Amino acid sequence: MKSSKISTVMGKMIDTQKLVFEYIRRDEEGNVEGITRAVDGVDLKVEQGQFIAILGHNGSGKSTLAKHFNALLYPTEGEVYVDSYNTEDDDHLWDIRQEAGMVFQNPDNQIIGQVVEEDVGFGPENMGIPTEEIWERVDEALKAVRMDKYRKASPNHLSGGQKQRVSIAGVIAMHPKCIIMDEPTAMLDPNGRREVIRAARALNQVEGITIILITHYMEEVVDADKVFVMDKGSVVMEGTPREIFAQVDKLKELRLGVPQVTLLAHELRQAGVPLPDAILTRKELVEALKKCR
Amino acid sequence: MLREITLGQYYRTESVIHRLDPRVKIVATFSFIISLFIAKNFIGYVIAGLFLALCIKLSNVPPKFIFRGMKTIFFLLIITMVFNLFLTPGIPLVTFGRFQITKEGLRLALMMGVRLVFLITGSSLMTLTTTPNNLTDGLEDLLNPLKKVKVPVHEISMMMSIALRFIPILMEETDKIMKAQMARGADFESGSLMNRAKSLIPLLVPLFVSAFRRANDLAMAMEARCYRGGEGRTKMKPLIYKKRDALAYGVIVLYFAAIIASRVIL
């Protein structure tokens with residue numbers, strides 16, 4: 001049964017098949033008190049080189065799902081393949097973690113080094129890369145996120161956005177094929193958010209690294225190739241940003257806001273202004289309004 | 001600005017001493033401390049003093065910074081000196097009622113004083129000229145032989161450097177929690193000692209909870225970046241001995257020989 005599955009997953013960066021994950025709560029004696037199904041039957045395919053966004057409000061299971069892509073959590077049921085490696089295959093654990101890097105929410109809790117460049121070198125050090133190559137990788141990674149000016153700085157002196165860019169550089173230095181970002185902007189101010197998203201987009205376009213961005217900010221997913229919307233552990237919507245944002249009412253039901261421009265266009269359309277569906281940027285709205293006259 | 005606190009009081013400047021391998025500096029500091037206990041006479045202390053003065057001069061650290069560390073041991077210094085001064089039996093010099101200052105007492109008090117001052121100066125010179133990071137690296141390397149007897153040397157040094165990284169963060173957090181509790185009427189400053197100790201509970205509990213959460217997050221982040229202990233790990237900044245380090249070892253040996261000679265010959 002398994003062999004037939006493996007042949008179907010070739011070429012996909014990430015492939016989950018009927019993934020279920022349950023958090024089991026136990027009392028002091030170890031008896032099961034309750035089971036929470038955080039991820040419930042998710043089938044998700046990500047192609048190499050795509051920019052993917054996963055949306056969902058708090059508790060929708062999106063972070064739990066993300067931790068499966070890096071073999072930090074293992075499925076209760078179903079399977080997860082990362083670049084055709086099954087995440088439950090211990091022989092390839094370190095290959096998976098090297099290929100699918102992860103950036104977490106809190107910038108302070110994922111920086112290990114006391115100097116920026118040392119933190120970026122942490123991943124390559126763990127992989128056993130020779131010293132000289134580590135330096136090359138660190139240089140290149142810091143340039144990729146435009147943090148090379150701060151290489152000698154202490155992470156404590158950086159802003160939130162800069163710290164997140166350092167975290168991203170730390171992942172890039174491991175030469176991953178895919179970077180999973182688990183709400184990297186949730187604790188940042190608007191400026192920091194913009195910096196991080198810009199860095200992510202550049203990595204996707206210039207280096208061709210697959211990006212999986214988990215977020216609840218709608219503005220950040222506008223440029224994604226594909227958006228998955230999660231609710232109560234399952235994927236409830238799937239499509240291009242345009243397809244997703246055309247369904248303003250459904251998004252509202254899921255307690256997700258749409259970008260302000262899209263919302264404005266939606267309200268205008270309901271008020272009788274002949275506008276096309278799913279306007280994503282201010283520029284588009286202006287163009288569409290010009291045509292109305 | 002809690003973030004500005006540099007741990008281990010590292011003084012950033014350029015000097016030969018700063019550039020020395022941390023291992024050399026650790027060995028030198030230990031030899032210096034041992035030498036202070038070997039030296040028994042005036043000449044020995046003069047040699048130690050000259051050696052220390054030379055190191056301070058070479059380190060480019062303003063003496064003001066070096067003697068700042070003295071404040072913390074001031075009381076210890078006074079107490080040691082007073083006890084030695086009055087309680088050493090021998091030929092009396094001055095007598096106040098039941099107490100007397102003896103010739104031996106005076107000698108011993110001075111010796112202890114000088115010894116303590118040198119000891120603190122010597123070790124703070126090490127922490128002033130070496131970043132905490134370098135220090136842990138050096139220690140890890142020096143303690144490496146202990147791995148054979150199953151001492152988790154790599155883990156200890158990793159813990160030390162993580163602790164160093166998180167101290168400023170946790171300090172800032174303490175400050176934040178304190179302000180939050182104060183805004184809700186908590187009082188940390190008045191009352192009896194018992195009450196003040198009790199008032200720390202609403203500060204410590206959230207601090208510990210958050211520290212554990214951070215530890216959990218950090219462990220996950222480290223695992224995600226392929227951390228799997230010291231085995232098979234390479235170093236971005238490996239410690240490599242240079243010519244000046246060999247020279248420094250030579251100087252240490254010479255100094256040590258001089259101290260021993262001062263004790264044996266004189």
Side-chain angles (χ1 to χ4, degrees), chain A residues 63 66-67 69-73 93-115 117-138 152 154-158 163 167 170-174 176 179-180 182, chain B residues 1-8 10 12 130-137 140 154 157-173 175-176 210-240:
Chain A
S63 285
K67 284 183 185 127
F69 301 158
N70 194 277
L72 288 170
L73 290 177
L93 178 64
W94 304 109
D95 294 316
I96 291 169
R97 292 206 175 142
Q98 181 259 310
E99 278 190 16
M102 190 135 180
V103 176
F104 297 88
Q105 185 177 22
N106 188 332
D108 276 327
N109 295 357
Q110 56 183 318
I111 294 181
I112 295 114
Q114 292 176 68
V115 181
E117 58 178 17
E118 282 174 17
D119 184 70
V120 177
F122 181 77
E125 280 183 332
N126 290 335
M127 289 157 63
I129 308 285
T131 303
E132 268 168 51
E133 205 192 323
I134 295 180
W135 282 93
E136 282 165 27
R137 284 182 177 212
V138 168
K152 298 275 181 207
S154 152
N156 292 336
H157 296 278
L158 302 179
K163 276 188 251 190
S167 305
V171 171
I172 299 169
M174 295 167 70
I179 301 179
I180 300 133
D182 187 1
Chain B
M1 283 313 278
L2 282 164
R3 292 228 155 175
E4 302 302 320
I5 287 177
T6 45
L7 240 122
Y10 178 66
R12 196 178 293 275
T130 323
T131 57
N133 241 348
N134 261 331
L135 220 61
T136 38
D137 273 1
E140 180 181 357
H154 167 77
S157 95
M158 181 56 91
M159 281 192 301
M160 267 164 68
S161 54
I162 289 174
L164 285 169
R165 148 115 183 89
F166 275 87
I167 285 169
I169 294 175
L170 289 179
M171 272 172 48
E172 198 183 52
E173 185 135 312
D175 194 49
K176 233 188 257 169
S210 123
F212 278 114
R213 185 172 305 136
R214 282 181 194 279
N216 195 22
D217 280 5
L218 188 74
M220 196 176 288
M222 284 169 75
E223 263 190 44
R225 282 163 78 181
C226 290
Y227 181 72
R228 54 196 125 160
E231 210 120 315
R233 210 163 174 265
T234 45
K235 292 228 167 214
M236 182 180 179
K237 295 175 176 171
L239 296 173
I240 297 162

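A, B, ... follow the sequence lines: proteins, then strands. Residue 1 opens every chain. Just so we're clear, the structure is a prediction, and the values are computed from it rather than from any experiment.
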Please classify the contact between B:M222 and chain A as side chain, backbone, both or neither, with a heavy-atom cut-off of under 4.5 Å.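 Both backbone and side chain.
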
What's the separation between atom [atom1] in [X] and atom [atom2] in [Y], rounded to the nearest 0.5 Å?
X      : Y      : atom1 : atom2 : value
B:R228 : A:W94  : CZ    : CH2   : 5.5 Å
A:I112 : B:R165 : CD1   : CZ    : 8.5 Å
B:F166 : A:N109 : CZ    : CG    : 5.0 Å
A:R97  : B:E223 : CZ    : CD    : 4.5 Å
B:M236 : A:I134 : CE    : CD1   : 7.0 Å
A:N70  : B:C226 : CG    : SG    : 8.0 Å

So which of B:N216, B:I162, B:L218 has the biggest tally of heavy-atom pairs under 4.5 Å with chain A?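 Option with the greatest count: B:L218.
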
Donor-acceptor pair, distance only, cut-off 3.5 Å: does the side chain of A:T131 make one with the backbone of B:K235?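 Between the backbone of B:K235 and the side chain of A:T131 there is a qualifying donor-acceptor contact (under 3.5 Å).
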
Using modelled atom types only, decide if a donor and an acceptor are shared between the side chain of B:T234 and the backbone of A:P130 within a distance under 3.5 Å.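 Absent.
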
Checking [X] against chain B: side chain, backbone, both or neither under 4.5 Å from a heavy atom?
X      : value
A:I111 : both
A:E133 : neither
A:P176 : neither
A:V138 : side chain
A:F104 : side chain

Which heavy atom of B:P132 sits nearest to which heavy atom of A:Q114, and what is that distance?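 Closest approach of B:P132 to A:Q114: CB-OE1, 4.4 Å.
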
Mind ranking A:Q98, A:E117, A:M127 by heavy-atom pairs under 4.5 Å with chain B and telling me who comes out on top?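 Sorted descending by pairs with chain B, the first entry is A:E117.
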
Could you tell me whether B:R225 and A:D119 make a salt bridge, using a distance below 4.0 angstrom between a side-chain N and a carboxylate O?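 Salt bridge: yes.
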
Apply the test side chain to side chain contact (heavy atoms under 4.5 Å, CB included) to residues B:M220 and A:K67: give CA-CA distance (whole Å), side-chain angles for both, the deciding distance (0.1 Å), then the verdict. CA-CA 10 Å; B:M220 196 176 288; A:K67 284 183 185 127; 3.3 Å; yes

Cut-off 3.5 Å, side chains only: do A:Q110 and B:D217 have a donor facing an acceptor?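 No, because no side-chain N or O of A:Q110 sits under 3.5 Å from a partner of the opposite role on B:D217.
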
Indicate yes or no: at least one non-hydrogen side-chain atom of A:N106 is less than 4.5 angstrom from one of B:R214.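 Of all side-chain heavy-atom pairs linking B:R214 with A:N106, at least one is under 4.5 Å.
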
